[in-house]
Amino acid sequence: MGKVVLVTGAARQLGGRFVRRIQRDPEVDRVIAVDAVAPGHQLGDADFVRADIRQPAIARVLAEHSVDTVVHLDVSAKTVGTGGRTAVKETNVIGTMQLLGACQKAPSVRRLVIKSSTNVYGSAPRDPAVFTETTPPKSLPSGGFAKDVVEVEGYVRGFARRRPDVAVCVLRFANILGPEADSPLADYLSLPMLPTVFGYDPRLQFVHEDDVVDVLGIASREPRRGTLNSGTFNIAGDGVLLLSQCSRRLGRPTMPLLLPAVTWVGQALRTVGMTDFSPEQIRLLTHGRVVSTVQMRETLGFHPQFSTAETFAEFARSQGPGLLPPEAVGRAVDRLAAMPFGGAAGDVPGITGAGDTHPTPSAR
């Protein structure tokens, strides 16, 4: 018999992709896809079980199917279907508690993979330039999705102590982007005009959704020779991008606002349902966040296909042209530079880098 893999969050776009991918693994005999709502996409030959992980019934699902590998993807900043922030928090925190309790009582479970986030590090003005997996946050997140993942990881560490026979892998993903990305940050970057914090240009990292599916596959299998896929790992593409570079490559103008005004705009955007412009996202867009991926490469043995810049380029192509297409801005800069009084584009105040249509060495 091959492995029996249970995947939570199957109704989400990412969960559905992973369910379809893991079925192609020759070591896997069955895939059990679990979610509280019916998925709007195909799950291949997986057995779909409609179950709420916040309820004790999840223990019965593990026992009935003799599950040996659990991939917990139902940790997210956005809800599926109806429900607001309260429903998201309950699924993230209470759902994880129930799932871990069920795994603890299931003797068949031998491997547990948790989808986490680099949000656990928070975003603060005194943060280090680069976070490693062992770097403590300068300021613990006080609310929102960031606090959820801090609590989730705390429960996972407790489970690992109680079940040392289970291989536990926690994957801290940077901001996930791609053509089908569904996250608060993707919603923000899809706005026709990007509200930004005046005086700040944060560094951002991205990971492509294809790489997310690939690394989940590595984490759910037995480790390859010379690698170890239990522990905690930062997952991100190479390099960083500034928010200003992101806006130019999207062709979307920015609207710099003082910090209190950004908070008011965020509340307004949440009210009308355009994007979940939460306080934690405002902190990210103020101070940014960059993580080290040394352990991802040297220990886990995973090498992403896409860099941060390449990931963002894929996302930008899926968005279509913005109000200020980069090519048009670049041509305007070239015309201005060719004028007798213009000199070089770099001599024109406020124009330098406006035609940034290709990744710069510093962004890679």
Side-chain angles (χ1 to χ4, degrees), residues 1-36 39 41-53 57-75 95-96 98-116 152 155-156 159-173 209-233 235 296 299-303:
M1 290 289 292
K3 294 199 303 183
V4 179
V5 181
L6 182 142
V7 182
T8 66
R12 299 182 184 276
Q13 176 266 337
L14 181 63
R17 286 195 60 184
F18 179 69
V19 166
R20 293 189 294 271
R21 172 71 66 85
I22 196 67
Q23 292 174 60
R24 301 201 294 266
D25 189 328
E27 298 178 1
V28 174
D29 183 63
R30 294 177 62 205
V31 178
I32 313 299
V34 174
D35 211 308
H41 44 249
Q42 296 297 319
L43 296 176
D45 295 329
D47 298 327
F48 176 69
V49 177
R50 188 164 185 169
D52 191 335
I53 62 171
I58 190 64
R60 186 168 62 250
V61 176
L62 289 173
E64 286 180 357
H65 298 279
S66 299
V67 173
D68 53 61
T69 302
V70 175
V71 182
H72 183 31
L73 303 183
D74 209 356
V75 179
T96 298
Q98 287 284 3
L99 179 65
L100 294 177
C103 290
Q104 184 177 338
K105 297 175 183 177
S108 62
V109 173
R110 287 290 178 265
R111 179 168 294 277
L112 173 65
V113 181
I114 301 290
K115 172 183 173 284
S116 187
V152 164
Y155 295 132
V156 170
F159 169 82
R161 289 192 295 269
R162 293 188 295 271
R163 285 290 304 269
D165 58 311
V166 176
V168 178
C169 183
V170 177
L171 301 175
R172 292 175 176 168
F173 291 103
E209 52 197 6
D210 289 355
D211 286 327
V212 172
V213 174
D214 289 344
V215 74
L216 285 170
I218 290 175
S220 61
R221 294 191 293 266
E222 291 300 313
R224 295 175 303 206
R225 186 172 183 178
T227 67
L228 179 67
N229 61 358
S230 58
T232 300
F233 303 95
I235 308 296
M296 174 190 77
T299 305
L300 185 61
F302 176 66
H303 300 269

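Looking at residues two or more places apart in sequence or on another chain, you find a side-chain hydrogen bond (donor to acceptor under 3.5 Å, both in side chains) between Gln13 and Glu180. With sequence neighbours left out, Asp211 forms a salt bridge (Lys or Arg N to Asp or Glu O under 4.0 Å) with no residue at all.
At distances below 3.5 Å, not a single donor-acceptor pair connects side-chain atoms of Gln98 with backbone N or O atoms of Ala57. A donor-acceptor pair is defined here as one N or O able to donate and one able to accept, closer than 3.5 Å; no such pair exists between the side chain of Thr299 and the backbone of Met296. Judged by distance alone, with hydrogens and angles left aside, the side-chain atoms of Arg30 form no donor-acceptor pair with the main-chain N or O of Asp47 at under 3.5 Å. Checking side-chain atoms of His41 against main-chain N and O of Ala10 turns up a donor-acceptor pair under 3.5 Å.
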Run the numbers on His72 and Val156 for side chain to side chain contact (heavy atoms under 4.5 Å, CB included), then give the verdict.
CA-CA 11 Å; His72 183 31; Val156 170; over 6 Å; no

After noting the C-alpha distance and the side-chain angles of Val70 and Leu62, does the key distance pass the side chain to side chain contact (heavy atoms under 4.5 Å, CB included) rule?
CA-CA 9 Å; Val70 175; Leu62 289 173; 3.9 Å; yes

Ile22/Ser220 under side chain to side chain contact (heavy atoms under 4.5 Å, CB included): CA gap, chis, key distance, verdict
CA-CA 9 Å; Ile22 196 67; Ser220 61; 3.6 Å; yes

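Note that the CG atom of Leu99 and the CG atom of Leu6 stand 7.5 Å from one another [nearest 0.5 Å].
Phe233 has its side chain out of reach of Val215: every pair of non-hydrogen atoms, C-beta onward, lies at least 4.5 Å apart. At a threshold of 4.5 Å between non-hydrogen side-chain atoms, the residues Arg21 and Asp214 count as touching.
Applying the side chain to side chain donor-acceptor pair (under 3.5 Å) rule to pairs touching residues 103-113 yields Gln104-Arg162, Arg110-Asp165, Arg111-Asn229, sequence neighbours excluded.
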